[in-house]
Amino acid sequence: AKETLVQLLPQMQAVIDHLMENQASFVSGSSASDFEQAVQYTRVMKQFIRATVADLLPPSQAKGTGRSICMAENLVYLADKSRPDGKCIIWAHNGHIGVADAAIEEPNMGSYLRAKYGAGYFAFGFEFNQGSFQTRTTLPDGRCGELKEVTLPAASALSLPWYLAQTKMGDCILNLRAPTVSPVVEQWLDT
């Protein structure tokens, strides 16, 4: 039950604190990489609890507890463990990848990663005019259910996917960060 999970949050933090306070002892009994992995697994458990019970937490504690932020924190952890010149690619819903407007939206993975990596974070949003794709259903308790196929009709006129379809280019990558020479295009992109 969510109420039980809320009560576990301080205990999870106590486990993390205990691990950190006794790092030398734990590392000498195993290894630095085993210790680091144990701490990360404990953080992931705490993330799960916070994301699951966010609606029961006071607003000051609930901010930044969503699944999208947890995804970002875990990607940064993995990126930090990779080679210094390493690159990471993560595929997620546009709602996670895009950069949230902090003035009106809850922070998401994209805004977290943009704050961390600046212009080094590239968000690729996928659009299509019409067709089918698979998505996960959402169960009544909020967990992901089975995959199902969804078929969408042609996009609404004047929408981004509609405009892209008008080019008849097929699959393409369009850089919306690059400056344009047309003030009309700039105005359209800004709106």
Side-chain angles (χ1 to χ4, degrees), residues 1-21 23 32-127 133-148 150 160 175-177 190:
K2 285 185 176 185
E3 293 75 18
T4 303
L5 290 174
V6 169
Q7 294 172 5
L8 290 176
L9 271 175
Q11 295 173 34
M12 287 304 305
Q13 186 57 53
V15 171
I16 293 169
D17 294 344
H18 177 73
L19 288 169
M20 299 311 292
E21 290 165 4
Q23 179 176 354
S33 64
D34 285 347
F35 172 78
E36 183 181 334
Q37 189 173 47
V39 171
Q40 179 61 15
Y41 287 166
T42 309
R43 286 184 185 131
V44 169
M45 286 187 274
K46 183 180 175 187
Q47 288 172 341
F48 168 78
I49 293 171
R50 290 188 72 203
T52 303
V53 303
D55 59 322
L56 298 182
L57 297 174
S60 62
Q61 291 180 20
K63 189 157 180 78
T65 60
R67 188 169 69 97
S68 194
I69 293 295
C70 297
M71 292 163 56
E73 290 171 348
N74 294 324
L75 179 63
V76 167
Y77 169 79
L78 293 171
D80 287 349
K81 290 184 60 66
S82 71
R83 297 186 334 254
D85 62 341
K87 309 280 187 282
C88 295
I89 297 174
I90 186 167
W91 187 337
H93 187 280
N94 287 356
H96 295 296
I97 297 294
V99 178
D101 182 346
I104 57 173
E105 298 175 273
E106 180 75 18
N108 65 346
M109 181 172 65
S111 52
Y112 186 98
L113 295 174
R114 177 60 52 79
K116 171 88 174 150
Y117 299 115
Y121 172 67
F122 296 91
F124 281 77
F126 290 91
E127 288 288 354
F133 62 93
Q134 289 186 333
T135 187
R136 301 288 296 268
T137 59
T138 302
L139 299 174
D141 64 2
R143 292 181 299 128
C144 290
E146 298 296 317
L147 283 172
K148 73 172 186 175
V150 175
L160 178 60
N175 183 355
L176 298 178
R177 264 198 207 172
D190 286 344

Answer yes or no: are there more than 12 heavy-atom neighbours, outside [X] itself, under 6.0 Å from its atom [atom1]?
| X | atom1 | answer |
| --- | --- | --- |
| Ile89 | CD1 | no |
| Gln134 | CD | yes |
| Phe48 | CZ | no |

Side chain proximity check, [X] to [Y], heavy atoms < 4.5 angstrom:
| X | Y | result |
| --- | --- | --- |
| His96 | Arg67 | yes |
| Leu78 | Cys88 | no |
| Gln40 | Val44 | yes |
| Asn74 | Gln47 | yes |

Calculate, to the nearest 0.5 Å, the distance between atoms [atom1] and [atom2] belonging to [X] and [Y] respectively.
| X | Y | atom1 | atom2 | result |
| --- | --- | --- | --- | --- |
| Lys2 | Leu8 | NZ | CG | 14.5 Å |
| Ile90 | Met71 | CD1 | CE | 5.0 Å |
| Leu139 | Glu146 | CG | CD | 8.5 Å |
| Gln11 | Lys46 | CD | NZ | 12.5 Å |
| Leu9 | Thr52 | CG | OG1 | 9.5 Å |
| His18 | Ile16 | NE2 | CD1 | 12.5 Å |

Inset, instruction - Can you see which heavy atom on Met109 is nearest to which on Ala72, and at what distance? - result: CG-CB, 3.6 Å
Legend entry - ring pair (Phe, Tyr, Trp, His ring centres under 6.0 Å) partners for His93, two or more places apart: none
Can you give the donor-acceptor pairs under 3.5 Å from side chains of residues 120-127 to other protein atoms, not counting sequence neighbours?
from: Tyr121; atom 1: OH; to: Ile97; atom 2: O; distance (Å): 2.6

Inset, instruction - Could you tell me whether Glu73 and Arg43 have a side-chain N and a carboxylate O separated by less than 4.0 Å? - result: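 Arg43 and Glu73: not salt-bridged.
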